[in-house]
Visitor: 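Below is the structure I would like to discuss, written out as structure tokens.
Nothing fancy with the numbering, it's 1 onward along the sequence. None of these values were measured; they are calculated from a predicted model.
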Amino acid sequence: MTRCRFLSLLLLAALVVSANAAKGGGPRGAGRNRGGRRMYGSSAIPMSHRNSASARYYENKDGAKIVKASHFELDYMLGRKITFFCMATGYPRPEITWLKDGIELYHHKFFQVHEWPVGNDTIKSKMEIDPATQKDAGYYECQADNQYAVDRRSFRTDYVMISY
């Protein structure tokens, strides 16, 4: 298999896994069956039946892996603060990137990211939007990556209006 075709297949597999995560993978996490074993996309092919190159990529012990993250869905009140949390491990320590609707978020006066390295292999990241507006509703992602792997968690937000 050519290198280009292999990379295309890896990208396709990552998109399928991301799409499954967006559907709310449930308490066992996206891409896992009842036994907790990783699955290939939405099909029932266990990781052990993949080719060895993709298994090395997805199962690399040093690869970036998100170990804690905020809840999947959040309703917020306009004018209040939105906070998301993400913690990832890997060696070397992963970098965390925040995205909204598939676009990387950058610092501005109403958006802040706080990060805390923990040891040589863990990073904690907290993303805050204060005050929240209607435009802040959407689909947020925390992406952790290092040279061995990329992992993502998704969060959906919408605002609620309180009438008195």
Side-chain angles (χ1 to χ4, degrees), residues 7 10-32 36 38-42 47 54 57-164:
L7 292 174
L10 280 178
L11 178 60
L12 179 61
L15 290 173
V16 169
V17 170
S18 265
N20 286 340
K23 292 178 187 174
R28 285 179 289 280
R32 293 188 184 269
R38 282 185 187 248
M39 304 301 286
Y40 179 65
S42 60
M47 287 287 292
S54 55
Y57 178 80
Y58 286 105
E59 299 294 330
N60 189 308
K61 68 180 181 57
D62 293 327
K65 183 175 183 179
I66 296 174
V67 293
K68 278 189 184 178
S70 295
H71 299 291
F72 179 74
E73 232 174 277
L74 173 73
D75 289 334
Y76 63 90
M77 291 191 292
L78 297 176
R80 300 281 176 93
K81 184 189 294 188
I82 300 174
T83 302
F84 289 120
F85 175 79
C86 196
M87 185 168 90
T89 63
Y91 192 81
R93 181 187 306 122
E95 291 184 11
I96 292 182
T97 305
W98 291 94
L99 302 103
K100 179 182 185 272
D101 299 325
I103 300 170
E104 185 175 346
L105 292 169
Y106 294 97
H107 179 80
H108 60 77
K109 72 180 192 175
F110 302 118
F111 168 77
Q112 295 182 1
V113 173
H114 307 278
E115 289 191 337
W116 302 271
V118 180
N120 293 328
D121 65 349
T122 304
I123 184 91
K124 293 181 181 182
S125 181
K126 180 173 73 169
M127 184 269 290
E128 297 179 326
I129 299 172
D130 189 18
T133 66
Q134 290 177 344
K135 291 180 183 178
D136 295 317
Y139 179 74
Y140 290 84
E141 291 178 282
C142 162
Q143 175 180 294
D145 64 279
N146 66 8
Q147 67 192 48
Y148 299 111
V150 176
D151 196 9
R152 287 186 174 189
R153 291 295 178 277
S154 306
F155 319 97
R156 190 177 314 279
T157 64
D158 202 358
Y159 62 90
V160 292
M161 296 177 62
I162 298 178
S163 57
Y164 295 96

Visitor: Please collect all salt bridge (Lys or Arg N to Asp or Glu O under 4.0 Å) contacts where either partner lies in residues 81-102, sequence neighbours excluded, each pair once.
Guide: Lys81-Glu128
Visitor: Partners of Asn146 by side-chain hydrogen bond (donor to acceptor under 3.5 Å, both in side chains), sequence neighbours excluded?
Guide: none
Visitor: Just one of Ile123, Thr122, Val118 clears the side chain to side chain contact (heavy atoms under 4.5 Å, CB included) bar with Thr89, so which one?
Guide: Thr122
Visitor: Asp121 and Pro94: which non-hydrogen atoms are nearest, and at how many Å?
Guide: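 That closest heavy-atom pairing would be O-CD, 3.8 Å.
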Visitor: Rounded at 0.5 Å granularity, tell me how far CE in Met127 sits from CZ in Phe111.
Guide: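 The CE atom of Met127 sits 5.5 Å away from the CZ atom of Phe111.
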Visitor: Taking atom CH2 of Trp98 and atom SG of Cys142, what is their separation to the nearest 0.5 Å?
Guide: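 Reported value, rounded in 0.5 Å steps: 4.5 Å.
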Visitor: So which atom in Asp62 and which in Asn60 form the shortest heavy-atom distance, rounded to 0.1 Å?
Guide: N-OD1, 2.7 Å
Visitor: Could you tell me whether the side chain of Thr157 and the main chain of Asp75 form a donor-acceptor pair under 3.5 Å?
Guide: no
Visitor: Search all heavy atoms of Gln134 against all heavy atoms of Tyr76 and return the closest pair with its distance.
Guide: O-OH, 3.9 Å
Visitor: Answer yes or no: is there a side-chain heavy-atom contact under 4.5 Å between Ser125 and Phe84?
Guide: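 A side-chain contact under 4.5 Å is absent here.
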Visitor: Between Lys61 and Tyr148, is any pair of side-chain heavy atoms under 4.5 Å apart?
Guide: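 No, every pair of side-chain atoms sits at 4.5 Å or beyond.
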Visitor: Output the distance between atom CG (Leu74) and atom OH (Tyr159), rounded to the nearest 0.5 Å.
Guide: 14.5 Å
Visitor: Please report the interatomic distance CD(Glu73) to CZ(Phe155), rounded to the nearest 0.5 Å.
Guide: 12.5 Å
Visitor: Could you check whether any side-chain heavy atom of Ile129 comes within less than 4.5 Å of a side-chain heavy atom of Tyr140, counting everything from C-beta outward?
Guide: yes
Visitor: How many angstroms lie between atom CD1 of Ile96 and atom CG of Asp151, to the nearest 0.5 angstrom?
Guide: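 One gets 10.0 Å once the value is rounded to the nearest 0.5 Å.
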Visitor: Rounded to the nearest 0.5 Å, how far apart are CD of Glu141 and CZ of Arg156?
Guide: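 Those atoms lie 10.5 Å apart.
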Visitor: On a heavy-atom basis, which atom in Ala144 and which in Ile66 lie closest, and how many Å separate them?
Guide: CB-CG1, 3.9 Å
Visitor: Assess whether atom OH of Tyr91 is packed by more than 12 heavy atoms of other residues, nucleotides or ligands within 6.0 Å.
Guide: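 Counting neighbours around OH of Tyr91, 12 or fewer heavy atoms of other residues, nucleotides or ligands fall under 6.0 Å, so no.
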